[in-house]
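For this chain, numbers begin at 1 and follow the sequence in order. Keep in mind the model is a prediction, meaning the values are calculated, not measured. Atoms within a ligand are numbered from 1 in the order they appear, just like the ligands themselves.
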Amino acid sequence: MTVMTARVRNYLLCRPRHFAVEYAINPWMDATTEVDVDRAIAQWETLVTALERLGHTVHTLEPEPGLPDMVFAANGAFSVDGVVYGARFRYPQRQAEAAAHEKWYRAGGWEFITPGEINEGEGDFAYVTGPGLVLAGYGFRTDPRGHAEAAEALGRPVVSLKLTDPRFYHLDTALTVLDDETIAYYPDAFSAGSQTILRRLFPTALLADEADALAFGLNSVSDNRNVVLNAEATGMAEKLLARGYTPVPVDLSELKLGGGSVKCCIAELRKG
Ligand code: ARG
């Protein structure tokens, strides 16, 4: 098994200063839960440190009061080769986050495409560099019309994949890109037809099981070699090691109360 060399990345994250679970828009959330904000911030800082230790650049978005899910920065946009396809959130509680992301990208000189369709950014879009392919989830959050819109905005083929298990409501809870050619996914999170598509496109994919997915083992971020993932996902870490990757576990248990982990906190900035 040849493992690629790591490639340095640019990431956008948002400190969980106003993190809370005040509403429930996914099965992991319980609106009566009290979260420990200081603990969430401390855990988030360990994530930032882990990324920086690997040589990556971390950019940050200013957290806004009243937007408790803003820490899940993956959902705010999706960029490929310097072009950004903006997000349009499904639930009203998160809709104002999109403007904060748009402002950040525009200030940085990115080409920004304003979406007309509902889509939750990198939560439901993943990019496989080798084939230049966008993988896109639908069924819970992103509208499939957003997939067609993203294809047009980014000039890349988009493969639509249907998510069927509400616990895995975003693509990034059920599938992750490990390197330029390889993905890992949990087959049962997808419809039968989408499982066939994934098998055809990625015959050598790493297959995760239900325990891996429930431990947010697929909600990970890879630089082609090092895979940063939730510390509870020990089974997934073993599978990655067996394939020659280096798992980098980070404890994000507090953020899991909001239904997210490593990948949800990170938007990759693909400048091209
Ligand atoms: N509470 C957030 C929501 O339900 C969690 C988002 C997780 N983000 C992700 N990329 N999966 O919208």
Side-chain angles (χ1 to χ4, degrees), residues 11-35 37 40 43-44 47 61 63-64 66-79 85-98 100-101 118-127 134-143 146 150 161 163 165-177 184-186 189-190 208 212-222 228-230 233 250 252-269:
Y11 297 124
L12 181 63
L13 282 84
C14 181
R15 179 179 295 271
R17 193 176 302 146
H18 308 291
F19 178 59
V21 181
E22 292 167 349
Y23 48 79
I25 56 173
N26 70 56
W28 300 87
M29 299 174 89
D30 170 356
T32 62
T33 305
E34 284 286 326
V35 308
V37 178
Q43 291 181 345
W44 178 86
L47 172 63
L61 193 64
E64 292 180 18
L67 295 175
D69 270 337
M70 209 173 161
V71 59
F72 301 117
N75 300 123
F78 175 56
S79 67
Y85 175 55
R88 194 166 158 198
F89 288 81
R90 177 160 297 275
Y91 295 109
Q93 293 97 328
R94 297 198 66 188
Q95 275 160 7
E97 293 178 41
H101 284 262
I118 288 171
N119 82 87
E120 298 199 347
E122 276 206 352
D124 274 323
F125 289 111
Y127 187 60
V134 175
L135 304 180
Y138 72 99
F140 297 103
R141 298 292 180 91
T142 297
D143 190 300
L161 301 166
L163 294 162
D165 184 330
R167 296 171 301 174
F168 310 115
Y169 56 95
H170 274 141
L171 183 70
D172 72 1
T173 63
L175 180 151
T176 188
V177 179
Y185 66 98
Y186 170 49
F190 297 90
D212 299 327
L214 285 172
F216 277 77
L218 290 161
N219 197 246
S220 62
V221 166
S222 174
V228 184
L229 82 171
N230 190 30
V250 173
L252 287 183
S253 50
E254 204 62 26
L255 293 177
K256 209 169 121 190
L257 301 171
S261 187
V262 173
K263 177 67 193 78
C264 301
C265 293
I266 302 174
E268 184 166 348
L269 303 167

Among all the protein's non-hydrogen atoms, which is closest to [atom], and how far away is it?
atom: atom 2 (C) of ligand 1; answer: Asp69 OD2, 3.4 Å
atom: atom 10 (N) of ligand 1; answer: Asp172 OD2, 2.6 Å
atom: atom 9 (C) of ligand 1; answer: Cys264 SG, 2.8 Å

Counting only heavy atoms closer than 4.0 Å, does ligand 1 sit against the backbone of [X], its side chain, both, or neither?
X: Arg141; result: side chain
X: Met29; result: side chain
X: Tyr91; result: neither

Suppose I only count heavy atoms of [X] and a 4.0 Å limit; which atoms of ligand 1 are within that range?
X: Gly123; answer: 10 (N)
X: Ile25; answer: 3 (C), 4 (O), 12 (O)
X: Asn75; answer: 6 (C), 7 (C), 8 (N), 9 (C), 10 (N)

Verify, without hydrogens or angle tests, whether [X] (side chain) and [Y] (backbone) share a donor-acceptor contact under 3.5 angstrom.
X: Gln43; Y: Ser253; result: yes
X: Asp172; Y: Asn219; result: no
X: Asp124; Y: Arg141; result: no
X: Thr176; Y: Tyr185; result: no
X: Trp28; Y: Arg167; result: yes

Open item on the list: Is it the case that ligand 1 has an N or O less than 3.5 angstrom from some N or O of Asn219?
Closed with: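 Such a contact does not occur with ligand 1.
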Open item on the list: For the 3.5 Å polar cut-off, considering only N or O atoms, please tell me whether Arg94 and ligand 1 meet it.
Closed with: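 Yes.
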- [ ] Answer with yes or no whether Phe89 contacts ligand 1, where contact means a heavy atom under 4.0 Å from a ligand atom.
- [x]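 Outside the 4.0 Å threshold, so no.
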Task: Point-to-point distance, once rounded to the nearest 0.5 Å, from CG of Leu163 to OG1 of Thr173 - done: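 Here the rounded value is 6.5 Å.
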Task: Euclidean distance, Lys263 NZ relative to Leu171 CG, rounded to 0.5 Å - done: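 One finds 10.0 Å between CG of Leu171 and NZ of Lys263.
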Open item on the list: Please compare Gly258, Ala267, Cys265, Ser261 and report which has the shortest non-hydrogen distance to atom 5 (C) of ligand 1.
Closed with: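 Shortest heavy-atom distance from atom 5 (C) of ligand 1: Gly258.
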Open item on the list: Which residue is it: Arg94, Glu97, Glu122, Arg90? I am looking for the one with a side-chain hydrogen bond (donor to acceptor under 3.5 Å, both in side chains) to Asn75.
Closed with: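 Per the side-chain hydrogen bond (donor to acceptor under 3.5 Å, both in side chains) rule, the option paired with Asn75 is Arg94, out of Arg94, Glu97, Glu122, Arg90.
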Task: Aromatic ring pairing Phe125/Phe78, orientation class (parallel under 30°, perpendicular over 60°, tilted between) - done: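 Parallel.
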